[in-house]
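Naming convention: chains lettered A, B, ... in sequence-line order (proteins, then strands); numbering from 1 in each chain.
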Amino acid sequence: MTLSISTWNINSVRLRLPIVLDFLRQANPDILCLQEIKCQNDQFPSEAITELGYSNIVIHGQKGYHGVAICSKLPLTEDHRQDYCGVGDSRHISAVFAWNGRRIRLHNFYVPAGGDEPNREINPKFGHKLDFIEEMKLLSADGEPETSAILVGDLNIAPLEHDVWSHKQMLKIVSHTPIETEGLTAVMQAGNWVDLMRQQVPATEKLYTWWSYRAKDWAAADRGRRLDHIWSSSDLASSLVGIDVLKDARGWNQPSDHVPVTARFAV
DNA sequence: ATGGTCGTGTGACGA
């Protein structure tokens, strides 16, 4: 019995619907979690995605910015949208599905990017990001009775040295400052989460999921960051059989600056 | 050393 879950910051699901469909046909995950859909719920391209077998879709959209969705071949129940920091942004959605006799709650997050200046006194967006991850510490992988948990999404933080192209040059760059990387590590520890990507790929190996649009040649420079993550409760970690980071997708037509990451489980 | 590129939806803002 297998299960595969993908996460992808799509940076407008309407503009990039063709590559979403290409990805679903090619990778064929059981569940796809999207971030930055940049549309309202009724603008989400549900029909085209449903036609590929993803008939269970839950959406938390908003006009123009942010927005998350879960598209699943498996039935989804008990969907929930949490308003982190109480500012009305659509940055989280979760739902429950069943696999291998378990109840699993799947959380899909889009953490604030945090602006350019890593100082909350002069940059409120950085303060918002820090407050958001502080609130994430309250989310435990074992918080719900008789329920396992998976957390995916664009967390906009590259926590480890080899999650960025140059640890030293990135220490003052938002996404890799110590207050963020230590904060994200504290979220994982407080909630008893396991970093499934790093369970599969040694921490000594470079691993990126995002390459800036601003580089002249993203592939040649290869100045990436691991901003996208897949975590689980510890009971599911032993069922993980593989992680696929689809780097090719960064070179597709009209690409997102993030690539899809897929976790494969089996028992 | 510091600009560089996207998407939304029309003028800035967020990333």
Side-chain angles (χ1 to χ4, degrees), chain A residues 7-23 33-45 59-69 83-92 108-120 122-133 136 152-159 163-166 168-177 179-181 183-184 208-229 247 249-261:
Chain A
T7 179
W8 196 6
N9 178 318
I10 197 60
N11 188 16
S12 173
V13 69
R14 290 178 294 171
L15 185 70
R16 278 181 246 290
L17 180 60
I19 62 171
V20 171
L21 300 178
D22 285 347
F23 172 72
C33 295
L34 295 170
Q35 304 88 34
E36 277 206 274
I37 60 174
K38 291 190 173 177
C39 66
Q40 299 174 85
N41 290 359
D42 61 2
Q43 299 174 311
F44 189 85
I59 310 164
H60 191 194
Q62 72 180 79
K63 186 180 168 71
Y65 305 109
H66 322 316
V68 289
D83 182 4
Y84 281 77
C85 303
V87 292
D89 285 352
S90 297
R91 296 181 178 273
H92 168 268
N108 180 15
F109 276 97
Y110 175 51
V111 172
D116 288 331
E117 189 59 52
N119 178 348
R120 71 180 307 155
I122 58 177
N123 173 17
K125 286 187 265 189
F126 193 71
H128 179 211
K129 183 178 195 175
L130 297 181
D131 293 344
F132 195 104
I133 59 175
M136 284 180 76
V152 309
D154 175 6
L155 306 186
N156 266 315
I157 298 173
D163 293 339
V164 293
W165 63 278
S166 168
K168 195 177 169 188
Q169 292 183 70
M170 290 288 299
L171 278 169
K172 292 181 176 172
I173 304 297
V174 172
S175 74
H176 196 63
T177 64
I179 193 167
E180 293 169 88
T181 59
L184 196 67
Y208 312 140
T209 65
W210 173 91
W211 291 262
S212 174
Y213 283 129
R214 297 176 188 178
K216 279 198 178 73
D217 184 338
W218 71 273
D222 198 25
R223 294 183 167 187
R225 304 177 199 172
R226 185 170 72 109
L227 302 180
D228 303 277
H229 298 269
K247 188 175 177 180
R250 185 61 181 78
W252 289 353
N253 285 332
Q254 276 201 304
S256 169
D257 44 357
H258 297 252
V259 300
V261 182

Nearest-nucleotide 5' precedence on DNA chain B, A:Asp154 against A:Gln43
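In this pair, the answer is A:Gln43.
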Residue met sooner reading DNA chain B from 5', once A:Asp116 and A:Arg223 are mapped to nucleotides:
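On the 5' side of the pair lies A:Arg223.
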Please determine whether side chain to side chain contact (heavy atoms under 4.5 Å, CB included) holds for the pair A:Gln254 and A:Ile19, giving the CA-CA distance in whole Å, both sets of side-chain angles, and the decisive distance to 0.1 Å.
CA-CA 9 Å; A:Gln254 276 201 304; A:Ile19 62 171; over 6 Å; no
To the nearest angstrom, how far is [X] atom [atom1] from [N] atom [atom2]?
X: A:Phe44; N: B:dT8; atom1: CZ; atom2: C1'; answer: 17 Å
X: A:His258; N: B:dG7; atom1: NE2; atom2: C1'; answer: 13 Å
X: A:Glu36; N: B:dT5; atom1: CD; atom2: P; answer: 19 Å
X: A:Lys38; N: B:dC13; atom1: NZ; atom2: P; answer: 15 Å
X: A:Gln35; N: B:dC6; atom1: CD; atom2: C1'; answer: 17 Å
X: A:Lys172; N: B:dT2; atom1: NZ; atom2: C1'; answer: 16 Å
X: A:Asp228; N: B:dA15; atom1: CG; atom2: C1'; answer: 13 Å
X: A:Leu15; N: B:dG9; atom1: CG; atom2: P; answer: 12 Å

Phosphate oxygens OP1/OP2 of [N]: is one of them under 4.0 Å from a side-chain N or O of [X]?
X: A:Arg16; N: B:dG7; value: yes
X: A:Lys125; N: B:dG14; value: yes
X: A:Arg91; N: B:dG14; value: no

[atom1]-based separation of [M] from [N] [nearest Å]:
N: B:dG3; M: B:dG7; atom1: P; result: 22 Å
N: B:dG9; M: B:dT5; atom1: P; result: 22 Å
N: B:dG4; M: B:dA15; atom1: C1'; result: 14 Å
N: B:dT2; M: B:dC6; atom1: P; result: 23 Å

Other residues, nucleotides and ligands only: do more than 12 of their heavy atoms fall within 6.0 Å of CG on A:Asp83?
yes
Checking contacts here: which listed nucleotide (B:dT5, B:dG7, B:dG14) is nearest the side-chain heavy atoms of A:His66?
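So the side chain of A:His66 is nearest to B:dG14.
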Could you label the plane-to-plane angle of the A:Tyr84 and A:Phe109 rings as parallel, tilted or perpendicular, counting under 30° as parallel and over 60° as perpendicular?
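Perpendicular, since the angle between the ring planes exceeds 60°.
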Touch class at under 4.0 angstrom, heavy-atom based, for A:Lys63 against every strand present
sugar-phosphate
Whether the side chain of A:His176 engages the backbone of A:Ser166 through a donor-acceptor N/O pair (distance < 3.5 Å, no angle test) should be reported.
no
Do NZ/NE/NH1/NH2 and the carboxylate oxygens of A:Arg250 and A:Asp222 come within less than 4.0 Å?
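Not counted as a salt bridge, because no side-chain N and carboxylate O are separated by less than 4.0 Å.
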